[in-house]
Peer 1: 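Right, I'll just put the structure down here and ask away after.
Each chain gets a letter, A, B and so on, in the order the sequences are listed, and its residues count up from 1. Here the structure is a predicted model, which is why all the values come from computation and not from measurement. As a basis for the values below, the full set of heavy atoms in this structure was taken, side chains included, without hydrogen atoms, waters or symmetry mates.
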Amino acid sequence: MTLPHLPADLAQRLLAYYDEYGRDLPWRQQQDLYRIWLSEIMLQQTGVKTVMPYYEKFLSHFPSITQLAAASQEQVLAQWQGLGYYRRARMLHQAAQQVVQQHGGLFPEEITQVQALPGIGPSTAAAILAIGRNQAHTILDGNVMRVLARLLTLELPVDSTPGKQRLWQVARQLTSQQRPGDYAQAIMDLGATLCTRSQPACSRCPWGGACAARQHGSWAEYPKKREKKPKPHHYQCMWVLLDTQQRIFLRKRPLEGLLGGLWEPLGEPLLETPPLGNLVQRASHHLTALGIQGQPLLEAQPVDHIFTHFRLTVYPILVVAASGAPILNDANWWPLAQLDQRPIATLHRKVNENAVGLVELSLNG
DNA sequence: AAATCGGGGCC
DNA sequence: GGCCCAGATTT
């Protein structure tokens, strides 16, 4: 593939911009590979603003790789709860244990060893060693793809194989060999603060003079993406079991797959769309079959949730149950007051809240 | 090459 | 309402 014609001083211009306007972020200005690693994992498919409150809290619970490795998966997931993409947390935990076993607790500094760790791909491995050790590696994330697609007015979809090959090639060509770490952070800052998805600040861009999209006034057309397929809509009924001791009954989801290792109420998928029939009556039938003694009471406010690739509507049913534990694996009663110590997806916290809210309503009324 | 994997910020 | 985000992994 031929190299595009680009000015030779782009990296230098970008670094000058970064030196003056670079963001001051908690994981910058230090060389602790553990902290840089953690920030990179949290920031995968997640914005800086969302990550910020999680970052310091996670570090206060797990100050070192050794302490992270020694923690239980339950504890790690509890600190991750609400951030999404929970597989990231499970792989981070696995990788910490791998670092302890294979590298004596010291994060590796050779890129093939770094990329061999779970959850660390080409871009994250490059980012960690470029930022932490100023090694000359190249990153390619969503910000960089947008910046480069506009710079080149790239017609290939950035999420296609040929599009990515082209972007990697150009990204490598542009990377500063003198200051690869600052360059990596600088180009991410450029995408996050100037070359934004909507209304980019082209007039202040250090690459404005070289940008094909700016020259043609066509920034809105890039990056191009492949056509995406519509999301299916699924429905589910969930039974929120409460006992007289202010406890709630939850089961643990399988460790692999969607929301792996997180706790949720019992329930059943609904094949009808939208659901038909009396959900309270149906809940009663199912709970009896499970050997649960209790009275399904009320239908709470449904919870609508958008996942990456499908939409889910959950209909919560409040059930006041006897304390006798149903015979189920990976299931238990947990005090309502201590639910924040348990990993529970945002979706299921809302389901619980809506059902518990009915109890408080009936008590007050 | 395509599918899987969350949640919040922002327009 | 859709789009996006410091992507990696699995099939």
Peer 1: Just compare C:dG7, C:dC5, C:dT9 and give me whichever is closest to any side-chain atom of A:M91.
Peer 2: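 The listed nucleotide nearest to A:M91's side chain is C:dT9.
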
Peer 1: Once you apply a heavy-atom cut-off of 4.0 Å, does A:L140 come out as touching a base, just sugar-phosphate, or nothing?
Peer 2: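 Nothing: the residue A:L140, judged by heavy atoms under 4.0 Å, touches no strand.
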
Peer 1: What is the separation between atom CD on A:E40 and atom C1' on C:dA8, rounded to the nearest whole Å?
Peer 2: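 From A:E40 CD to C:dA8 C1': 13 Å.
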
Peer 1: When the P atoms of B:dC11 and C:dA6 are compared, how many Å lie between them, rounded to an integer?
Peer 2: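 Those two atoms are separated by 15 Å.
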
Peer 1: Out of C:dC4, C:dA8, C:dA6, which has the shortest distance to the side chain of A:S123?
Peer 2: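 When the side chain of A:S123 is considered, C:dA8 is the closest of C:dC4, C:dA8, C:dA6.
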
Peer 1: Do you know which two heavy atoms are closest between A:D159 and A:K164, and how far apart they sit?
Peer 2: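 A:D159 and A:K164 have their closest heavy atoms at CA-CE, 4.1 Å.
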
Peer 1: From CE of A:M145 over to P of C:dC5, roughly how many Å is that when rounded to an integer?
Peer 2: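 In whole Å, C:dC5 P lies 9 Å from A:M145 CE.
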
Peer 1: With C1' as the reference atom in both, quote the distance from C:dC3 to B:dG6 in angstrom, rounded to an integer.
Peer 2: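 These two C1' atoms come out 15 Å apart once rounded.
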
Peer 1: Nearest whole angstrom, please: distance from the P of C:dA6 to the CG of A:L43.
Peer 2: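 Value for this atom pair: 8 Å.
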
Peer 1: Where does the angle between the aromatic ring planes of A:W334 and A:W263 fall among parallel (under 30°), tilted (30 to 60°) and perpendicular (over 60°)?
Peer 2: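 Rings of A:W334 and A:W263: perpendicular, over 60°.
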
Peer 1: Could you state the atom-to-atom distance from CD of A:Q165 to C1' of B:dA1 in whole Å?
Peer 2: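 So the CD-C1' distance, A:Q165 to B:dA1, works out to 12 Å.
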
Peer 1: I want to confirm an ordering. Mapping A:W27 and A:P118 to their closest nucleotides on DNA chain C, which one lands closer to the 5' end?
Peer 2: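 The 5'-side residue here is A:W27.
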
Peer 1: Considering just the side-chain nitrogens and oxygens of A:K231, establish if one lies under 4.0 Å of OP1 or OP2 belonging to C:dG2.
Peer 2: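 No.
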
Peer 1: Name the nucleic acid region contacted by A:I128, choosing base, sugar-phosphate or nothing; use a 4.0 angstrom heavy-atom cut-off, strictly under.
Peer 2: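 Result for A:I128 = nothing.
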
Peer 1: C:dA6, C:dC3, B:dC10: which one has an atom nearest the side-chain heavy atoms of A:K49?
Peer 2: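 Ranking C:dA6, C:dC3, B:dC10 by closest atom to the A:K49 side chain puts B:dC10 first.
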
Peer 1: Just by protein heavy atoms under 4.0 Å, how would nucleotides 2-7 of chain B read 5' to 3' in B, S and -?
Peer 2: SSBBBB

Peer 1: Let me check something: any side-chain donor-acceptor pairs from residues 49-58 of chain A under 3.5 Å, sequence neighbours excluded? List them with distances.
Peer 2:
{"unit_1": "A:Y54", "atom_1": "OH", "unit_2": "A:Q81", "atom_2": "O", "d": "3.0"}
{"unit_1": "A:Y55", "atom_1": "OH", "unit_2": "A:R35", "atom_2": "O", "d": "3.2"}
{"unit_1": "A:K57", "atom_1": "NZ", "unit_2": "A:Q79", "atom_2": "OE1", "d": "2.9"}

Peer 1: Which atom pairs, donor and acceptor, lie under 3.5 Å between side-chain atoms of residues 198-223 of chain A and protein residues at least two apart or in another chain?
Peer 2:
{"unit_1": "A:W207", "atom_1": "NE1", "unit_2": "A:L10", "atom_2": "O", "d": "2.8"}
{"unit_1": "A:H216", "atom_1": "ND1", "unit_2": "A:A212", "atom_2": "O", "d": "2.8"}
{"unit_1": "A:Y222", "atom_1": "OH", "unit_2": "A:E155", "atom_2": "OE2", "d": "2.5"}

Peer 1: For a quick check, tell me whether the side chain of A:R146 and the base of C:dA6 share a donor-acceptor pair closer than 3.5 Å.
Peer 2: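 It does not, because no donor-acceptor pair links the side chain of A:R146 to the base of C:dA6 below 3.5 Å.
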
Peer 1: Which of parallel (below 30°), tilted (30 to 60°) and perpendicular (above 60°) describes A:H305 and A:F307?
Peer 2: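 Perpendicular.
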
Peer 1: Considering all heavy atoms of both residues, which atom of A:V314 and which atom of A:P316 are nearest to each other, and what is their separation?
Peer 2: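 Closest pair (atom of A:V314, atom of A:P316, distance): O-CD, 3.4 Å.
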
Peer 1: Answer with base, sugar-phosphate or nothing: what part of the nucleic acid does A:R90 contact at a heavy-atom distance below 4.0 Å?
Peer 2: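 Nothing: the residue A:R90, judged by heavy atoms under 4.0 Å, touches no strand.
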
Peer 1: With a non-hydrogen cut-off below 4.0 angstrom, is A:K228 in contact with a base, only sugar-phosphate, or nothing?
Peer 2: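 Sugar-phosphate, no base atom in range.
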
Peer 1: Among pairs that include at least one residue of residues 88-131 of chain A, which meet ring pair (Phe, Tyr, Trp, His ring centres under 6.0 Å), considering only residues two or more places apart or in two chains?
Peer 2: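 Found A:W37-A:F107.
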
Peer 1: Between residues 187-207 of chain A and DNA chain C, which residues have a heavy-atom gap below 4.0 Å?
Peer 2: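 Residues of residues 187-207 of chain A under 4.0 Å from DNA chain C: A:M188, A:R197.
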
Peer 1: Base, sugar-phosphate or nothing for A:W80? Non-hydrogen atoms, less than 4.0 Å.
Peer 2: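 Nothing: the residue A:W80, judged by heavy atoms under 4.0 Å, touches no strand.
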
Peer 1: My understanding is that only residues two or more places apart in sequence, or in another chain, count here; which of them pass side chain to side chain donor-acceptor pair (under 3.5 Å) with A:R226?
Peer 2: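 Once residues adjacent in sequence are excluded, A:R226 has no partner under the side chain to side chain donor-acceptor pair (under 3.5 Å) criterion.
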
Peer 1: Over how many whole Å does the gap from A:L92 atom CG to C:dA8 atom P extend?
Peer 2: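 It is 14 Å, rounded to the nearest whole Å.
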
Peer 1: Which residue is it: A:E40, A:Q115, A:Q44? I am looking for the one with a side-chain hydrogen bond (donor to acceptor under 3.5 Å, both in side chains) to A:T124.
Peer 2: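 Testing each of A:E40, A:Q115, A:Q44 against A:T124, the sole residue satisfying side-chain hydrogen bond (donor to acceptor under 3.5 Å, both in side chains) is A:Q44.
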
Peer 1: Any idea which heavy atoms bring A:T175 and A:P180 closest together, and the distance?
Peer 2: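 For A:T175 versus A:P180, the nearest heavy atoms are CG2-CB, 4.3 Å.
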
